[in-house]
A.B. asks: 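The structure follows.
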Amino acid sequence: MWAELWVVPRRAGLRLLRRRHGGSGSGTSTSTGTMRLQAPQFQALFTPGLRSVAELFEKKNYELRIAGGAVRDLLSGVTPQDIDFATTATPAEMKEMFTAAGVRLINNKGEKHGTITARLHEENFEITTLRIDVVTDGRHAEVEFTTDWHKDAERRDLTVNSMFLGLDGTLYDFFNGYEDLKNKKIRFVGKAAERIQEDYLRILRYFRFYGRIAEKPGDHEPITLEAIKENAKGLAGISGERIWVELKKILLGNHVNHLVQLMYELDIAQYIGLPLGGNLEEFARVSKNIQNLSPKPMTVLTSLFKGKDDVANLDLRLKISKEEKNLGLFLVKHRQELTKGSGPEPLRPYQDFLMDSREANTNSKIFELLKYQGEEQLLKEMQEWTVPSFPVSGHDLRKMGVSSGKEIGTALQQLRDEWKKSGYHMDKEELLSCLKKL
């Protein structure tokens, strides 16, 4: 549901643009002709904490607006998970204002970049001074502060992320971000090559938001793809941890098969830890299998790998977690040999594997393997299956006159094998009577 909005550029030389698209009561006209967002998701933001913050800024005549991703989400009718604020106040002015009001400030690491975090009414508010990038090296930027909203919007990555929303609901959109959002278009602010060279990670952010917003695969502007290909090598200088954060989100988004194929076409893969000879055919098959099954990112990605060396190389580049690495190795090893059984018990091979395993988290790995294989029904059954407890103990055998530790061990293993053959249905009595025969 799209709100009807007035887009107010508020900069000399830019005309007033009206954006209309459907809408059903989420905005209200005012006598001045501006349009104010009144969606319930927007109204819900006004907690006691935000009201207190707004009052402090208003008293000092500092402008305060919601910025970036939260604006995009609100305009899409989604409640934002995180809310970033932008202001004309400098960090020093904010510190002075909050301190005088007795407000607690936390996490001062962002201060040199212009970000102050204030805690009011058990909520944290991250507020950043408007900035201009003075020097960029493709990873980090040196900034200077400004009071020019257009200049700050200009340094942001994508048009859909470059908007501001006043606390009165007025949208400030300098680069047609709202129009792009409605049309499900992903574009860089200004020239794609310039934005990418400011921070090469923006290549992956482009892919991530494409998977989140675009309606269909392949709807890219040629000039954007050209800029990405020409600058792909810049990703070699980006830390593995930052790349992995973005790549995981891409893997769980829409159009993942199209986007990963594109990474190979545009020469991105080699710089982000993906194997040079990635198995794109298998990736296409598995990315189709896992639709609607909520896989882990590693489950999707492993389909590109031909062997365990590909997992090791990914870890070397991206510093993935031990759990992620173990899952990748598990899938590479078992994806072909551990498959559903023929006959009336297709789940049996997975159940037997789990019962025989001595490793931690084997059940969750098997769940991921079933997703990888596209076995939706078996996955559901496996998730509902309760791992049974072996009903016989060494104490039971002693009572039957088996005294030697070695004999007890052998007998228990024999009984466990019988129990397994029965599909884990035999009870203690049946097993002990079976022991007499053995």
Side-chain angles (χ1 to χ4, degrees), residues 286 289 293-296 298-299 301-303 305-312 314-315 320-438:
V286 171
N289 281 350
L293 295 183
S294 304
K296 292 182 177 177
M298 200 65 196
T299 303
L301 192 59
T302 301
S303 58
F305 301 155
K306 293 176 179 172
K308 62 183 182 179
D309 287 350
D310 289 337
V311 181
L314 182 85
D315 181 37
I320 61 178
S321 71
K322 188 177 179 183
E323 183 192 334
E324 289 163 339
K325 185 177 183 181
N326 287 341
L327 174 59
L329 292 170
F330 177 88
L331 293 172
V332 163
K333 184 176 181 181
H334 298 291
R335 60 189 168 186
Q336 289 179 323
E337 64 185 50
L338 181 51
T339 55
K340 67 181 175 183
S342 54
E345 294 183 284
L347 206 56
R348 228 3 230 292
Y350 303 99
Q351 292 169 330
D352 289 349
F353 187 94
L354 179 56
M355 296 302 291
D356 293 342
S357 175
R358 297 287 177 266
E359 289 182 24
N361 300 323
T362 300
N363 58 342
S364 77
K365 289 174 189 165
I366 287 175
F367 295 160
E368 293 305 307
L369 176 61
L370 286 164
K371 292 174 190 177
Y372 184 104
Q373 294 169 339
E375 299 289 357
E376 187 170 0
Q377 184 55 38
L378 291 186
L379 171 66
K380 193 178 177 186
E381 290 174 28
M382 192 72 188
Q383 287 170 333
E384 290 170 355
W385 186 61
T386 304
V387 179
S389 296
F390 183 53
V392 178
S393 68
H395 182 65
D396 297 318
L397 299 186
R398 282 192 193 92
K399 283 202 279 188
M400 290 184 68
V402 184
S403 55
S404 142
K406 189 176 180 183
E407 285 177 350
I408 288 173
T410 303
L412 282 174
Q413 187 54 54
Q414 286 176 322
L415 291 179
R416 190 176 273 277
D417 290 342
E418 292 300 314
W419 182 58
K420 185 176 177 180
K421 283 178 198 169
S422 77
Y424 312 103
H425 295 308
M426 290 175 78
D427 60 19
K428 184 192 283 193
E429 204 174 298
E430 289 171 315
L431 285 166
L432 292 178
S433 69
C434 180
L435 180 66
K436 290 170 187 173
K437 293 174 193 170
L438 290 169

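Only a predicted model underlies this, so the values are computations on that prediction, with no experimental measurement involved. Values reported hereafter were calculated over all heavy atoms of this structure, with side chains retained and with hydrogens, waters and symmetry mates removed. Counting begins at 1 with the first residue of the sequence.
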A.B. asks: Applying side chain to side chain donor-acceptor pair (under 3.5 Å), can you list everything that pairs with E375, at least two apart in sequence or on another chain?
C.D. replies: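 In terms of side chain to side chain donor-acceptor pair (under 3.5 Å), with neighbours along the sequence ignored, E375 is linked to no residue.
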
A.B. asks: Holding to side chain to side chain contact (heavy atoms under 4.5 Å, CB included), I want the full list of residues that pass it with E359, two or more places apart in sequence or in another chain.
C.D. replies: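 E359: side chain to side chain contact (heavy atoms under 4.5 Å, CB included) contacts with S357, T362, K365.
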
A.B. asks: Answer yes or no: does atom CD of E337 have more than 12 heavy-atom neighbours from other residues, nucleotides or ligands under 6.0 Å?
C.D. replies: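 More than 12 heavy atoms, drawn from other residues, nucleotides or ligands, come within 6.0 Å of this atom.
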
A.B. asks: Less than 4.5 Å apart, side chain to side chain, heavy atoms only: is that true for P349 and L338?
C.D. replies: yes

A.B. asks: Identify, with sequence neighbours excluded, every residue that meets side chain to side chain donor-acceptor pair (under 3.5 Å) alongside S422.
C.D. replies: none

A.B. asks: Does any non-hydrogen side-chain atom of L354 lie less than 4.5 Å from one of V387?
C.D. replies: yes

A.B. asks: Report the C-alpha distance between K333 and L329 in whole Å, list the side-chain angles of each, state the deciding distance to 0.1 Å, and finish with yes or no for side-chain contact (heavy atoms from CB on, under 4.5 Å).
C.D. replies: CA-CA 6 Å; K333 184 176 181 181; L329 292 170; over 6 Å; no

A.B. asks: Parallel, tilted or perpendicular: which describes the rings of F353 and F330, with under 30° parallel and over 60° perpendicular?
C.D. replies: perpendicular

A.B. asks: Below 4.5 Å, heavy atoms only, C-beta onward: do Y372 and S303 meet side chain to side chain?
C.D. replies: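 Result yes, sub-4.5 Å side-chain heavy-atom pair found.
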
A.B. asks: Evaluate side-chain contact (heavy atoms from CB on, under 4.5 Å) for Y350 paired with E381, printing each intermediate quantity in order.
C.D. replies: CA-CA 11 Å; Y350 303 99; E381 290 174 28; over 6 Å; no

A.B. asks: Residues in side chain to side chain donor-acceptor pair (under 3.5 Å) with T299, at least two apart?
C.D. replies: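 With sequence neighbours excluded, T299 shows a side chain to side chain donor-acceptor pair (under 3.5 Å) to E368, given in chain and number order.
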
A.B. asks: Please identify each residue that fulfils side chain to side chain donor-acceptor pair (under 3.5 Å) with E376, with sequence neighbours left out.
C.D. replies: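 Partners of E376 under the side chain to side chain donor-acceptor pair (under 3.5 Å) test: none.
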
A.B. asks: At their closest point, which heavy atom of K296 faces which heavy atom of S364, and how far apart are they?
C.D. replies: NZ-OG, 4.3 Å

A.B. asks: List the steps, then state whether side-chain contact (heavy atoms from CB on, under 4.5 Å) holds for L369 with R335.
C.D. replies: CA-CA 7 Å; L369 176 61; R335 60 189 168 186; 4.1 Å; yes

A.B. asks: How close do K308 and V332 get, heavy atom to heavy atom, and via which atoms?
C.D. replies: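 Closest approach of K308 to V332, heavy atoms only: N-CG1, 3.8 Å.
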
A.B. asks: Taking atom types as modelled, is there a side-chain donor on E418 or Q414 under 3.5 Å from an acceptor on the other?
C.D. replies: no

A.B. asks: What is the minimum heavy-atom distance between F367 and L379, and which atoms define it?
C.D. replies: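 Distance-wise, the nearest heavy atoms are O-CD1, 3.5 Å.
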
A.B. asks: Which pair of non-hydrogen atoms, one from L293 and one from K371, has the smallest distance, and what is that distance?
C.D. replies: O-CE, 3.3 Å

A.B. asks: On a heavy-atom basis, which atom in M298 and which in V311 lie closest, and how many Å separate them?
C.D. replies: CE-CG1, 4.3 Å

A.B. asks: Using a 4.5 Å cut-off on heavy atoms from C-beta on, say whether the side chain of Q373 contacts that of L378.
C.D. replies: no

A.B. asks: Enter the distance from D315:CG to E324:CD here, rounded to the nearest 0.5 Å.
C.D. replies: 9.0 Å

A.B. asks: So, using side chain to side chain contact (heavy atoms under 4.5 Å, CB included) as the criterion, who are the partners of E407 when residues are at least two apart?
C.D. replies: V402, S404

A.B. asks: Within the structure provided, determine whether P391 and M426 are in side-chain contact (heavy-atom separation under 4.5 Å).
C.D. replies: no

A.B. asks: What I'd like to find out is whether the side chain of D427 reaches to under 4.5 Å of the side chain of E430, using heavy atoms alone.
C.D. replies: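 Yes. Closest side-chain heavy atoms under 4.5 Å.
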
A.B. asks: Using a 4.5 Å cut-off on heavy atoms from C-beta on, say whether the side chain of F390 contacts that of L415.
C.D. replies: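 Yes - at least one pair of side-chain heavy atoms lies under 4.5 Å apart.
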
A.B. asks: What's the separation between atom CG in L314 and atom CG in D309, rounded to the nearest 0.5 Å?
C.D. replies: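 Separation between the atoms: 12.5 Å.
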
A.B. asks: Go through the steps for D352 and Y424 under the test side-chain hydrogen bond (donor to acceptor under 3.5 Å, both in side chains), then give the verdict.
C.D. replies: CA-CA 10 Å; D352 289 349; Y424 312 103; 2.5 Å; yes

A.B. asks: Has Q383 got more than 12 heavy atoms of other residues, nucleotides or ligands less than 6.0 Å from its CD?
C.D. replies: yes

